[in-house]
> 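Let me begin by handing over the structure; questions about it come next.
Letters go in sequence order (proteins before strands), and every chain restarts at 1.
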Protein chains: 2
Amino acid sequence: MHRAERLFQLTTLLRNRRTVLTAKQMSEHLRVSERTIYRDIQSLSLSGVPIEGEAGVGYRLSHRYQLPPLMFDREEVEALLLGARMVSSWGDTDMAIHANQAIQKILSVLPDHLRHSDESLPLLVPNMEEVQKYYTAHSQPMREAIRLRQRVAIDYVRADEQHSSRTIEPLGMIFWGKVWTLVAWCHLRDDYRTFRLDRIQSIVVTDEKFDTSDSKSLKHFLHLMKEKYAQEPEATAPHEC
Amino acid sequence: MHRAERLFQLTTLLRNRRTVLTAKQMSEHLRVSERTIYRDIQSLSLSGVPIEGEAGVGYRLSHRYQLPPLMFDREEVEALLLGARMVSSWGDTDMAIHANQAIQKILSVLPDHLRHSDESLPLLVPNMEEVQKYYTAHSQPMREAIRLRQRVAIDYVRADEQHSSRTIEPLGMIFWGKVWTLVAWCHLRDDYRTFRLDRIQSIVVTDEKFDTSDSKSLKHFLHLMKEKYAQEPEATAPHEC
DNA sequence: AGCGTCCCTGACAGTTTATGTCAGTAAGCG
DNA sequence: CGCTTACTGACATAAACTGTCAGGGACGCT
């Protein structure tokens, strides 16, 4: 086995493990001595691979390195660039930051004759930053609540100006072009409800956690929508509160 | 110099060249013998790097390998996934195909506990395929015309139902959320004009090529828009025909 | 056809790098 | 504290790599 191949396999081993690996375990797996593993680890570290080692414990790959390199062809890269521009324009501030970081990474590997010319990718998205702050108000705390599965208390105003306050369990968000819709479980109605993000007046993330289940999850909601759409092809708008 | 490093430099050399490189040129550049270059090429080929060699000519890197691997962290990947979903939903058929390919590649490298759960990325884009066929009608021939710099003859209907026919030089397209706008040079007006893609009734790509210049290009158009926006912050809509 | 330029491969002697064993130091955990 | 682990240097041996040389083949041009 070539050394380069072994280094690659070592990285893959570490990448596919969420708990630590000892040098002994790795040496047995790759059929080399422990001393060789220590050397390999050093080589990888010198090459920039962020491996963390702790005496008496073992090795782990730094969290930020857990995704391997991706290979895209030109057309895929163009689609990704366009998409990232959309996220940068239509998403909230945090999303935009990450999208722009990804854009920079992509641009940094494009050959010179493709990088500097806007005409190399004549598909643009206007910078809607100021407008979008309105449509993505509350997006960031809401995404955090979705991720951490925390109930949120909201004040909401419907299209007909009716106000309401309630506590909901946020499950996900859907982008409809300019407008974001929140999918949540509403205890007031004991059912799913969707809310236009820009119509939420205020949001308080509570300390109360919630669980999802087979019958209360974003996946279940999407399944119901698909069934509903199959029965009533004209129906496109889910229940809004 | 380590061999691994030289293999990397060799790949970079080939990647940054659009014409062929001979073994002799590479050996001089990397200060090794030609025999070593032949060995290196064989190693790279065995590792899957698609290098094409032709006797009497030289080597080139297969077109599909001209972009190197990209490394993204989790947040960037999430932004890219969301963006690709937007392109898949809001772009034309070709764009959607490439976006979905990119999505599959990204999903294939996600760890299992992140891949199968919609709840791992609760930011969705509805499938607007049927609706979007309307908004992206003529998108593909138009993009082709932009790329090949070919004049197109269009029939257009304005919002006030006025019809017109003209020949234009398409420069780029802008996504405004649902709606695509074409940026073109209009000979009838001797100026830039924008057209809503969905209001174009018909399109004929002509055999006539056009050139761009410093004063007639997408870049120039964007520059003018920025200047116009700086002078009149309330103005957001460019001239529509 | 011959010629020049290139890709391609095997063999071999010499050079360089990598490996395993051994010994020793240091850190984390119960 | 003892046990388990990470960590490093030294050294003999094994493995890999390199350049030179020789030979074969493909392609384009005259």
> May I ask you to decide if the ring planes of B:Trp90 and A:Phe175 are parallel, tilted or perpendicular, using 30° and 60° as cut-offs?
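Rings of B:Trp90 and A:Phe175: perpendicular, over 60°.
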
> Can you spot which of A:Arg6, A:Met26, A:Gln9 makes a side chain to side chain contact (heavy atoms under 4.5 Å, CB included) with A:Asp40?
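It is A:Arg6; the other options fail the test.
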
> Using a strict cut-off of less than 4.0 Å between a Lys/Arg side-chain nitrogen and an Asp/Glu carboxylate oxygen, indicate whether B:Asp211 and B:Lys216 qualify as a salt bridge.
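Salt bridge flag = no for B:Lys216 with B:Asp211.
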
> Check this one for me: any side-chain N or O of B:Arg6 less than 4.0 Å away from OP1 or OP2 of D:dT18?
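Affirmative; the distance criterion is met.
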
> What's the CG-P distance between A:Leu10 and C:dT19, to the nearest Å?
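Going from CG in A:Leu10 over to P in C:dT19 covers 12 Å.
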
> Would you call the rings of B:Phe221 and B:Tyr192 parallel, tilted or perpendicular, where under 30° means parallel and over 60° means perpendicular?
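It falls in the perpendicular class, over 60°.
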
> Is any side-chain nitrogen or oxygen of A:Arg3 closer than 4.0 Å to OP1 or OP2 of D:dA15?
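For A:Arg3, the contact criterion (side-chain N or O under 4.0 Å from OP1 or OP2 of D:dA15) is not met.
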
> Take the protein atom CG of B:Asp40 and the nucleotide atom P of C:dT9, then report the distance between them rounded to whole Å.
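B:Asp40 atom CG is separated from C:dT9 atom P by 13 Å.
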
> If you look at every heavy atom in B:Pro170 and B:Arg151, which pair is closest and at what distance?
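B:Pro170 and B:Arg151 have their closest heavy atoms at CD-CA, 4.5 Å.
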
> Tell me: CG of B:Leu7 to P of D:dA16, nearest whole Å?
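Taking atom P of D:dA16 as the reference, CG of B:Leu7 is at 15 Å.
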
> Nearest-Å distance, CG (B:Leu44) to C1' (C:dC8)?
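Going from B:Leu44 (CG) to C:dC8 (C1'), I get 16 Å.
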
> What are the atom names and distances for every N/O pair under 3.5 Å that joins the protein to nucleotides 5-13 of chain D?
| residue | atom | partner | partner atom | Å |
| --- | --- | --- | --- | --- |
| D:dT5 | O2 | A:Gly56 | N | 3.3 |
| D:dA6 | OP1 | A:Ala23 | N | 2.8 |
| D:dA6 | OP2 | A:Ala23 | N | 3.4 |
| D:dA6 | OP2 | A:Tyr38 | OH | 3.1 |
| D:dC7 | OP2 | A:Tyr59 | OH | 2.0 |
| D:dG9 | N7 | A:Arg35 | NH2 | 3.1 |
| D:dG9 | O6 | A:Arg35 | NE | 3.0 |

> Can you find a pair of side-chain heavy atoms, one from A:Leu81 and one from A:Leu107, that are under 4.5 Å apart?
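Sidechains of A:Leu107 and A:Leu81: in contact.
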
> Using atom NE2 of B:His2 as one end and atom P of D:dT18 as the other, report the distance to the nearest whole Å.
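Taking NE2 of B:His2 and P of D:dT18, I get 12 Å after rounding.
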
